[in-house]
Amino acid sequence: MSLLPPLPPLALGALLAAFAIDQLPSLHPEQLVAAQCACAVFASLSLLGLLCRKLWPRRRKTLFVSVWLCLLACGASWMALVTLQAALPRLADRLSPGCEGVPLNLDVRLLEMPTVKDQGLRMLVEVAEMQQNQPCGHIPRQISLGWQAPGENQTAVPWQPLSGEVWRIAVTLKRPIAPLNFGGFDVERYWFSRNIGALGSVITRSDAPHPKKTSAAAPRNLNEFIEGLREKIATHLQRSLPAKKAQYGGIVKGLAIGDQKGITPAQWRVLTQTGTSHLVSISGMHVTLLASALAALILKVWPRIKGLSLKLSAAKAAVLIALPVSCIYALLAGWGVPAQRTVWMLLASAVCTLMSKRPRPLDILALACLVTLTADPWAATTPGFLLSFGAVGMLLYSSVGRKSHKKQRFKGLSALLRAQWVVLVGLMPLSMALFGQQSWAGPVANAVAIPWMSFVVTPLALCGSLTGLEFPLVWANACIEPLWRFLCLLASQPWALQPVAQAPWWVTGISLVGAFLALSPNGVPGKWLGVACVCLPLLWQPEKPAHGTFWMEILDIGQGNSIAIRTRNHWMLVDTGSATSPENDNGLRVVLPWLWRHGRNALDVLLLSHADNDHAGGAATVLSYAHVKKLLSNDPPPQPPKSFNAPPQGETSPASAQPSPCLAGMHWRPEGAAKYGFGGTAPRFKNLFIQRIH
């Protein structure tokens, strides 16, 4: 086994299997059992082939390739078994159709901190086992519940349950089925990955029983104990940084405990356009910085204490102290995928240090990948997993084993610039494939934001959160102000963010190969060809209608209406759907992702049938994000509040069109017309719609 690293092919096979199984359609339980048996047989054959090639090697090259293939097959078989084994109970634990809409009285236990949204609550609860079998059918174990404050003047949330408490409540449930649109967030996959079998709402009618607490919060395991600590820290943060006074309280909360739910959509927009979204969460970089700072402190102090160095070396003492602290920090941060990756890598490095061995960094990364996927097979398709492991892998690939004999005056600055270049080129294919966007302001923004957030804001946020003091949190909020002005300035530039059309898988594959080629060592031929391959998705153009024809797409927005009409070179949108809150805005959740996934950020015509919220509620968001050349509306579109998906500070809306009246008899001549405009006696839109639908 000294001829090749054993862990990377195992991790690669597991990653490919987890990603492939997630893309397959749903299977019946009988098919899953058969697939499990097939995976077990395939794994046994792979291990047998690996053993045979190791015992009777013939040629060195043949041995290398065959062992790699066998290990790849072993990793894929193992991950397939783990995924299918976890999918069986989740597929069975779903809400029965007969229980949809039926009022039920359930005893539920809160599994995590409730989220305050829209003057209401959203919480993950666990149903008592004895109440899972109801006369109407089966009730799943885990449910996502929502509660809305009753009354017209919703200024406060009187019901504030805590994690770990047991409540008796009246609810109505529905199956976890979400709208399906091109380019949008796959929320059904998210629900399945979290084992959420039903969605529900607490009944707030006057004739319904009020929620009643039947048991106080009492942690049953380590997860619930950690969740209770996070809730106490969140309460301290909320009291120290009220929303009315602390503009960046949600960002401070995200840095302290990894809870990003307090960040407003307008702030998310700035972070997305500048490529700095990773800085408002507990990333692997923050955990590594904490472990490194603590280890450096121990290495300085430990040898100066008389007698300690004789019993235990300073290096091993630093490992034994820094590792548990980093684990606790990652648990308090919500145990996200980037934090998991860092903890497993630190743990593997610590074990090797204690055993006086020096492992290869790529083996440590592969081991962290295997452990993370085994614990949660559905993590493979999350952006956090791909970007976190991808960034570390690219940095290791571009730096490990390479030495430069040139003397550098500004070593730290050159290393920072090189890291930004590696991350930009290495993650560009993934970011374009996952988000349909490319942030050109990211390298500039990260070069300033990473040191400032890591060495100034995050230590203050942690100090205030762990000590219970208020002034470090206030200072952290104040320190974000100058950085935020700089990020808003970058976000307001027209070149900050470029929409990228969704390309086929083979285009993304060529782009990834180009990234590895562009970051290859000096002397490798074709490095500039690799840079060209990385930019290939930017040149991809989706299929267009033929000249003289049009395509019509009806967007799935639930209640309301939103219809897109596309010709060869022009785009028209009829209505934008509803918007009841910043988190429930169809303009932001459905229309804009659909537009960006087609590589566009502009509309030729936006037609609003009438000013009802179900039809024009998301218009203000679309107008503030996309450039609209002509707006047709007999009523002014509804204006959102100032904090409701507003453009970043210092940025004006890209929409320059003023509303024009929409009159009977108007028609649209986008293709083949001598002059673009409206007028004439062509058939009305309604007739065209009816002909197309039927």
Side-chain angles (χ1 to χ4, degrees), residues 248 251-252 254-255 260 263 267-290 292-293 338 342 383-384 387-400 402 404 406 408-432 434-435 437-461 476 478-498 500 515 518-519 531 534-535 538 648-651:
Y248 312 107
I251 297 177
V252 176
L255 292 172
Q260 307 171 13
I263 302 175
Q267 292 173 341
W268 275 122
R269 179 183 180 184
V270 176
L271 295 170
T272 301
Q273 289 186 316
T274 55
T276 53
S277 302
H278 61 97
L279 293 177
V280 297
S281 61
I282 304 298
S283 62
M285 180 182 60
H286 294 150
V287 179
T288 305
L289 284 174
L290 177 64
S292 301
T342 307
L387 294 178
S388 178
F389 279 90
V392 176
M394 288 294 180
L395 289 172
L396 292 177
Y397 172 73
S398 63
S399 61
V400 173
R402 305 183 191 181
S404 177
K406 297 181 180 179
Q408 298 178 353
R409 294 183 178 180
F410 305 99
K411 207 170 186 180
L413 180 60
S414 62
L416 178 62
L417 294 177
R418 176 176 174 78
Q420 292 298 321
W421 164 254
V422 170
V423 172
L424 173 65
V425 175
L427 296 186
M428 187 183 295
L430 290 177
S431 62
M432 290 187 293
L434 294 173
F435 307 113
Q437 297 172 336
Q438 174 58 37
S439 174
W440 299 113
V444 180
N446 280 287
V448 177
I450 287 178
W452 185 257
M453 296 290 283
S454 301
F455 298 105
V456 178
V457 181
T458 302
L460 289 173
C479 289
I480 298 177
E481 177 68 27
L483 176 63
W484 195 257
R485 291 183 179 275
F486 173 70
L487 295 180
C488 288
L489 179 63
L490 289 178
S492 63
Q493 305 303 316
W495 48 266
L497 192 69
Q498 178 183 353
V500 181
L519 299 177
V531 176
V534 170
C535 300
L538 297 173
Q649 182 180 357
E651 180 181 351

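- Ser431 meets the side-chain hydrogen bond (donor to acceptor under 3.5 Å, both in side chains) test with Gln438; sequence neighbours excluded.
- Closest heavy-atom contact between Thr274 and Ser439: C-OG, 3.4 Å.
- For the pair Pro451 and Ala447, the tightest heavy-atom approach, listed with the atom from each and the gap, is CD-O, 3.4 Å.
- A distance-only check finds no donor-acceptor pair linking the side chain of Trp484 to the backbone of Gln267 [under 3.5 Å].
- Annotation for Leu483 and Met453: closest pair CD2-SD, 3.5 Å, computed over non-hydrogen atoms.
- Side-chain contact between Arg269 and Leu497 is absent, with no heavy atoms from C-beta onward closer than 4.5 Å.
- No side-chain heavy atom of Pro443 sits less than 4.5 Å from a side-chain heavy atom of Trp421.
- Within the 4.5 Å cutoff, no side-chain heavy atoms of Val500 are placed close to those of Phe435.
- Residues that satisfy the side-chain contact (heavy atoms from CB on, under 4.5 Å) test with Ile450, not counting sequence neighbours, are His278, Leu279, Met285, Gln420, Asn446, Ser454.
- For Trp440, the side-chain hydrogen bond (donor to acceptor under 3.5 Å, both in side chains) test picks out Gln498, with sequence neighbours left out.
- Every residue was checked against the side-chain hydrogen bond (donor to acceptor under 3.5 Å, both in side chains) condition with Gln437, not counting sequence neighbours, and none meets it.
- Residues Ala515 and Met394 approach most closely at CB-CE, 4.1 Å, considering heavy atoms.
- By the side-chain contact (heavy atoms from CB on, under 4.5 Å) test, Val444 pairs with Phe486, Leu490, sequence neighbours left out.
- Legend: residues meeting side-chain hydrogen bond (donor to acceptor under 3.5 Å, both in side chains) with Gln493, ordered by chain and number and at least two apart, are absent.
- The minimum heavy-atom distance linking Gly390 with Leu427 is given by the pair C-CD2, 3.8 Å.
- The shortest non-hydrogen separation linking Ser388 to Pro338 is OG-CA, 3.6 Å.
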